[in-house]
Amino acid sequence: MTVNAATPVKPGRLRLGMVGGGEGAFIGSVHRMAARLDDEYEFVAMAASSNAERAMSSGRDLRLNDERIYADFREMARAESAREDGIDVVSIVVPNHLHADVARAFVEAGIHVMCDKPLTTNLADGQVLLALAQKHGVLFGLTHNYSGYPLVRAARDMVSRGDLGDIRVVQVEYAQDWLATDLESSGQRQAAWRTDPSKAGPAGCLGDIGSHAAHLASFVSGMNPHEISADLMSFVDGRRVDDHVQIQMRYAPQGKQTKGARGMLWASQVATGEENGLRLRIYGDKAAIKWEQENPNVLWFTKLGEPTQRLTRGMASLPASAGAATRIPSGHPEGFLEAFAQLYKDFSVDVRKHQGGMTRDAIERESTVPNLADGVQSLAFIEAALASHLANAAWVKV
């Protein structure tokens, strides 16, 4: 029985499908809300579970047509690519260990992908996906959603145009306390899979939130570390993955520097009292910036020897990139969902360019959406951190 007829797609809307994100899944609902916010997508298909009953229940709860509800992501990729009204984009929101197989099925079917991070659980799989996407000409976005905040984009442009001068120090941290106890043993779904190396991969806190911190630092600074020293820790007895990470970072010389910048990344899910403390500080020889995710509408900018300036989202003096990622007037806070939505909005622009005949490489050169190259860089960073940790925090090249 069909629950309802397929909703007519608004002219210009992209058809969106999803793998994962069924009943009780936090990140799936975030992706759906983000995709709807700017009215650029119509949600039409889903493979929420390999269990046919749960898959159907989840799809019907979201008012999907029965014939667009699947229990097998491979069948979904095959069927949707064959339909005249098949999906243009698929969102992948399954646990980490499934990312590679799901992504490969849709890339090979010629369907554009928006994948939750990290890209995969190992570098080799990420490199395979990069080669496949290039072969099939498919666009691939990665939801490092903190790059969607207006003031993060403003900070990136300020660094790029030289407002800070030559970068000397990059400090980034991401602190939470939700795994300060053995929550996984209570049956809590999110804790259970995120602390299971067979599902999350070998990197726990490092892969979950450390990857966000590393990407944010690279996105704003425009630099990737070439060498790191990492100390990983599991404070909770019996936990099989890290829940606390400290990483020193060395960068190659930039501009007129004879010495490269230095950095520090701290990520912890056992930091008592912290909720979602993602913070970035970048210091140059002319100026510095500070930004905090829990107060995302403020960017602190300090020129050497001058009073600190409080820059707020909506100010006309900010780089144009901030205004392009802003939806509401000054003084009305924008936050997490809007930043997430910005990636979906930007990706919709990229997909339409592709449908109009623009090449994948040309689109990616212009795009601000984190892509496969960013995902592979993140996996290389994680792999180097794990290797460094096993070598007693020895310096390892990324």
Side-chain angles (χ1 to χ4, degrees), residues 144 146-175 210 212-229 246-267 277-326 330 334 339 342 365-370 373-374 377-378 381 395 397-398:
H144 281 296
Y146 301 107
S147 65
Y149 279 105
L151 289 178
V152 167
R153 296 196 170 182
R156 171 188 171 97
D157 282 357
M158 291 166 68
V159 171
S160 178
R161 70 189 185 188
D163 291 6
L164 277 64
D166 288 335
I167 303 304
R168 291 174 170 173
V169 181
V170 177
Q171 296 284 119
V172 64
E173 64 184 61
Y174 200 156
H212 270 311
H215 179 266
L216 180 66
S218 293
F219 182 81
V220 176
S221 73
M223 306 184 301
N224 291 313
H226 69 86
E227 195 174 26
I228 62 175
S229 167
Q246 295 174 176
I247 301 176
Q248 295 186 80
M249 303 182 291
R250 292 173 178 167
Y251 297 87
Q254 303 284 322
K256 299 177 181 178
Q257 290 177 327
T258 57
K259 301 176 182 177
R262 295 295 185 264
M264 176 71 78
L265 183 154
W266 169 51
L278 175 59
R279 304 176 182 93
L280 176 67
R281 292 168 287 171
I282 300 181
Y283 303 92
D285 61 359
K286 294 180 180 178
I289 52 173
K290 300 179 185 180
W291 181 82
E292 298 184 3
Q293 193 274 155
E294 292 181 341
N295 189 18
N297 293 291
V298 174
L299 176 68
W300 299 98
F301 177 61
T302 308
K303 292 184 179 179
L304 184 64
E306 297 184 16
T308 296
Q309 300 177 47
R310 180 177 180 269
L311 308 179
T312 58
R313 182 197 53 78
M315 293 177 66
S317 59
L318 288 171
S321 57
T326 296
S330 301
E334 288 193 346
Q342 191 61 40
R365 281 195 296 270
E366 297 179 356
S367 180
T368 54
V369 179
D374 296 302
Q377 170 64 30
S378 179
F381 182 88
W395 286 96
K397 293 190 181 299
V398 181

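Start at 1 with the first residue, then count along the sequence. What you see is a predicted model, and the numbers here were worked out from it, not measured in a lab. Just so it is clear, the values below take in all heavy atoms, side chains as well, and ignore hydrogens, waters and symmetry mates.
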What closest approach, in Å, do [X] and [Y] show between heavy atoms, and which atom pair accounts for it?
X: A154; Y: L318; answer: CB-CD2, 4.3 Å
X: V398; Y: E227; answer: CG2-N, 4.2 Å
X: A324; Y: Q342; answer: O-NE2, 3.7 Å
X: S147; Y: V152; answer: CA-CG1, 4.1 Å
X: A267; Y: G210; answer: CB-CA, 3.9 Å

[X] side chain vs [Y] backbone, donor-acceptor pair below 3.5 Å:
X: D157; Y: P319; result: no
X: R156; Y: F219; result: yes
X: S321; Y: R153; result: yes

* State yes or no: are the ring centers of H226 and Y251 separated by less than 6.0 Å? => no
* For the ring pair Y149 and W291, is the centre-to-centre distance below 6.0 Å? -> yes
* Asked: Is atom CZ of R310 surrounded by more than 12 heavy atoms (other residues, nucleotides or ligands) closer than 6.0 Å?
  -> no
* To do: May I ask you to check whether N224 and S218 show a side-chain donor-acceptor distance below 3.5 Å?
  => yes
* To do: Walk me through it: do R313 and E334 pass the test side chain to side chain contact (heavy atoms under 4.5 Å, CB included)?
  => CA-CA 9 Å; R313 182 197 53 78; E334 288 193 346; 3.8 Å; yes
Any side-chain heavy-atom pair from [X] and [Y] closer than 4.5 angstrom?
X: M158; Y: F301; result: yes
X: D285; Y: L304; result: no
X: V169; Y: I282; result: no

* Hey, which of R281, E292, Q246 is the one that makes side-chain contact (heavy atoms from CB on, under 4.5 Å) with E173? -> R281
* Take H215 and D374 through the test side chain to side chain contact (heavy atoms under 4.5 Å, CB included) and record every step on the way to the result. => CA-CA 8 Å; H215 179 266; D374 296 302; 4.3 Å; yes
Quick check for you: to the nearest 0.5 Å, what is the distance between [X] atom [atom1] and [Y] atom [atom2]?
X: S317; Y: L311; atom1: OG; atom2: CG; result: 6.5 Å
X: I228; Y: R250; atom1: CD1; atom2: CZ; result: 11.5 Å
X: M315; Y: L299; atom1: CE; atom2: CG; result: 10.0 Å
X: L151; Y: T312; atom1: CG; atom2: OG1; result: 7.5 Å
X: Q309; Y: I289; atom1: CD; atom2: CD1; result: 12.5 Å
X: H212; Y: H144; atom1: NE2; atom2: NE2; result: 6.5 Å

* To do: Compute both the distance and the angle, then confirm whether R279 meets the cation-pi test with Y174: under 6.0 Å from the six-membered ring centre, within 45 degrees of the axis.
  => no
* Asked: Should K290 and Y283 be marked as a side chain to side chain contact (heavy atoms under 4.5 Å, CB included) after you check the CA-CA gap, both sets of side-chain angles, and the distance that decides it?
  -> CA-CA 9 Å; K290 300 179 185 180; Y283 303 92; 4.1 Å; yes
* To do: Given side chain to side chain contact (heavy atoms under 4.5 Å, CB included), test M249 with L265 step by step and report yes or no.
  => CA-CA 8 Å; M249 303 182 291; L265 183 154; 4.2 Å; yes
